[in-house]
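One structure is given here, and the rest of the page talks about it.
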Amino acid sequence: MRSDEIKQGFSRAPHRSLLRATGVKDDDFKKPFIGVANSFIEIIPGHFFLNKVAEVIKAEIRANGCVPFEFNTIGVDDGIAMGHDGMLYSLPSREIIANSIETVMNAHKLDAMIAIPNCDKIVPGMIMGALRVDVPTVFVSGGPMEKGYTKDGTPIDLATAFEAVGKHEAGQISDEELLDIECNACPSGGSCSGMFTANSMNTLMEAMGIALAGNGTILALTPERTELYKKAAKRICEIAKADAATREKYRIRNILNESAVRNAFAVDMAMGGSSNTVLHMLAIAKEAEVDFNLEDINAISKRVSHIAKISPSLSTVHMEDINKAGGVNAVMHEMMKRGDNILIDALGISGETLYEKVKDAEILDTTIIHTIDNPYSQVGGLAILYGNLAQQGAVIKTAGITGERVFTGSAVCFNSQDDAINGILEGKVKAGNVVVIRYEGPRGGPGMQEMLSPTSLIMGMGLGDKVALITDGRFSGATRGASIGHVSPEAAEGGLIGLLEDGDEIFIDVDNYILEARLTDTEIEKRKENFKPLIKPLKSKWLSQYRMLVSNASSGAVLRTE
């Protein structure tokens, strides 16, 4: 076993002495050592209960003949960090999490790992770290929260709360109605109840084969979720106690390979996941050394029907509804009927191929999960746009579009999210405008802030189907509307988005994958002559380091190592 390096032989007597101080007994030195990577943190609704989850998992690991060692990662709640400079730390936290996983697992030579993530950057950060360590790994998330209800019984969630601010600003709802939404939008622990970034990633882990069935949809804080924790703990012990050939077979890089990455993107398209999944899956693909690039995404989208529409794209449907309708397995089983959009031979950590895992699944409610004969769209719920404004690509969640898919408008430019919020509140944005928010990319922000506050204001003020928004930043999974993010190259590296002026005509054609500024080459070259990207002053040492090392969104915003 890998852990023999710290526990076997006379020269490891000091190591064993230290381990004994933690409670390790004589018989334990013969057992596999399992890292329990927990993202427990009290300020995040999806994580404040994970300390209790870890106790369930550790007890099951001990019962199955292995030795658990729990350690923790950090976490950022994007909703709480939203709309102020705290969001600058959100995407960079992914790299800290990946580094912490690599550090603890490799420093202590643990044999296998069970990871307990739930929200946003924490899921991809843990996956990236696990890929670096490359031992057998099972992921089991904390689970989604329940949807909320207003006093009149309307289903609501976090997106409702953000959009309610815009409605309140526009005088469409009262103080009492705003308070009703505030108090009921997030009624329980768990990852926010729609197909936002957290639940998108928790769902895609099922598609990648690194989590067991139900990981993305079984509600948090339920007996069913507790059973999933136990199954995951039992499974990692089965692998860790097996022969060397079996342990080799289930190393995470043998599970999370090119087939897994392609299956993840296909399921993402079918379920209309968060645009952030593009950023994170590109980063995961790089860690897995998989040959997959941004331009591959549209090819997958053309082959995948969009069959599950979930909040924020359809505000009445939430993860608990998907679970009741058959879960992710039912979605994948339906996808199999087209034959060319999902790789059924891909091996999962459960020991089954994807085909074996989903062959008996069925849709239990076709009003929630549609059939491929009755899709919401014949193409997937995400698209990559190109043009002079996005030479290296930009991302739009087509599943969340509320207006036209072809849009021409005049630019209204802001050099930060804060400026945009103030401008929207002051009435600077009118019907027919394209809101441009720049210098919010990975380097320019730095940290690539999410734009849920401005997009929610636009929706709440009744402009959602009348304006578009483009940014070199990114969007929350709760964002909807004609919102285009990840524009690359970003303004801070000289991208055309930084050269735009108020009044410039912007052309968007989603179905033909076009994002262009109607400027002549001569005009663009003229503007470049005197252009100097804005460099925002920074006090943070970590964000300064991040800005120097980070690549742009088309590369997954990973940190450069060369």
Side-chain angles (χ1 to χ4, degrees), residues 44 74-96 119-122 124-125 158-159 162 165-166 192 196-198 274-280 283 394-397 413-425 435-459 469-481 483-493 495 497-498 533-540 542-547 549-554 556-559:
I44 304 179
I74 65 164
V76 171
D77 185 294
D78 283 10
I80 297 172
M82 195 77 66
H84 57 89
D85 62 6
M87 181 52 72
L88 298 176
Y89 291 90
S90 174
L91 185 59
S93 73
R94 186 186 74 181
E95 312 309 311
I96 297 174
C119 295
D120 298 303
K121 267 51 61 197
I122 297 159
L158 180 65
F162 271 95
V165 176
C192 296
F196 312 144
T197 305
S274 164
S275 58
N276 281 321
T277 57
V278 174
L279 191 73
H280 298 319
V395 180
I396 183 168
K397 181 175 179 176
C413 301
F414 302 99
N415 286 340
S416 71
Q417 178 180 208
D418 289 346
D419 288 347
I421 291 170
N422 292 332
I424 294 165
L425 291 172
V435 180
V436 178
I437 307 178
R438 57 199 178 192
Y439 296 106
E440 292 292 6
R443 187 185 302 177
M448 206 177 181
Q449 294 197 72
E450 290 186 349
M451 303 291 156
L452 182 56
S453 292
T455 56
S456 296
L457 284 173
I458 287 169
M459 293 299 298
L469 188 152
I470 66 171
T471 179
D472 51 11
R474 60 195 177 93
F475 296 110
S476 164
T479 292
R480 60 191 178 119
S483 302
I484 301 167
H486 306 205
V487 171
S488 300
E490 61 175 292
E493 56 182 344
I497 189 173
L534 173 69
I535 301 175
K536 297 177 183 178
L538 283 175
K539 294 182 179 179
S540 166
W542 161 227
L543 294 180
S544 297
Q545 293 167 2
Y546 182 83
R547 182 161 65 185
L549 293 173
V550 72
S551 62
N552 73 26
S554 69
V558 296
L559 299 187

| Is R547 salt-bridged to E490, going by a charged N under 4.0 Å from an acidic O? | no

| said: Tell me whether the count of non-hydrogen atoms from other residues, nucleotides or ligands lying under 6.0 Å of CD1 in I80 goes above 12. | reply: yes

| With a 4.5 Å limit on heavy-atom distance, are the side chains of L543 and P92 in contact? | yes

| message | Using a 3.5 Å distance criterion without hydrogens, assess whether the side chain of S551 forms a donor-acceptor pair with backbone atoms of V558. | response | yes

| said: Taking P442's backbone N and O only, do any of them form a donor-acceptor pair with N552's side chain (distance below 3.5 Å, no angle check)? | reply: no

| field | Non-neighbouring partners of Y546 that pass ring pair (Phe, Tyr, Trp, His ring centres under 6.0 Å), sequence neighbours left out | value | W542

| query | Do E440 and Q417 have side-chain atoms, one donor and one acceptor, less than 3.5 Å apart? | reply | no

| So do the side chains of F414 and P454 get within less than 4.5 Å of each other, counting heavy atoms only? | no

| task | Mind checking side-chain contact (heavy atoms from CB on, under 4.5 Å) for A491 and listing every partner two or more places apart, or none if nothing turns up? | result | R438, Y439, D472, I497

| task | Tell me, please, which residues at least two apart from A553 pass side-chain contact (heavy atoms from CB on, under 4.5 Å). | result | L279, M448, H486, S488

| Distance-only, no hydrogens or angles: does the T277 side chain make a donor-acceptor pair with backbone N or O of S274 under 3.5 Å? | yes

| task | For the residue pair S416 and D418, confirm or rule out a side-chain donor-acceptor distance under 3.5 Å. | result | no

| task | Measure the shortest side-chain to side-chain distance between H280 and L91 over non-hydrogen atoms and say whether it is less than 4.5 angstrom. | result | yes

| said: Determine whether a donor-acceptor pair (N or O, by modelled atom type, separation under 3.5 Å) exists between the side chain of D120 and the backbone of I122. | reply: no

| request: For residues I458 and L469, determine if any side-chain heavy atom of one lies less than 4.5 Å from a side-chain heavy atom of the other. | output: yes

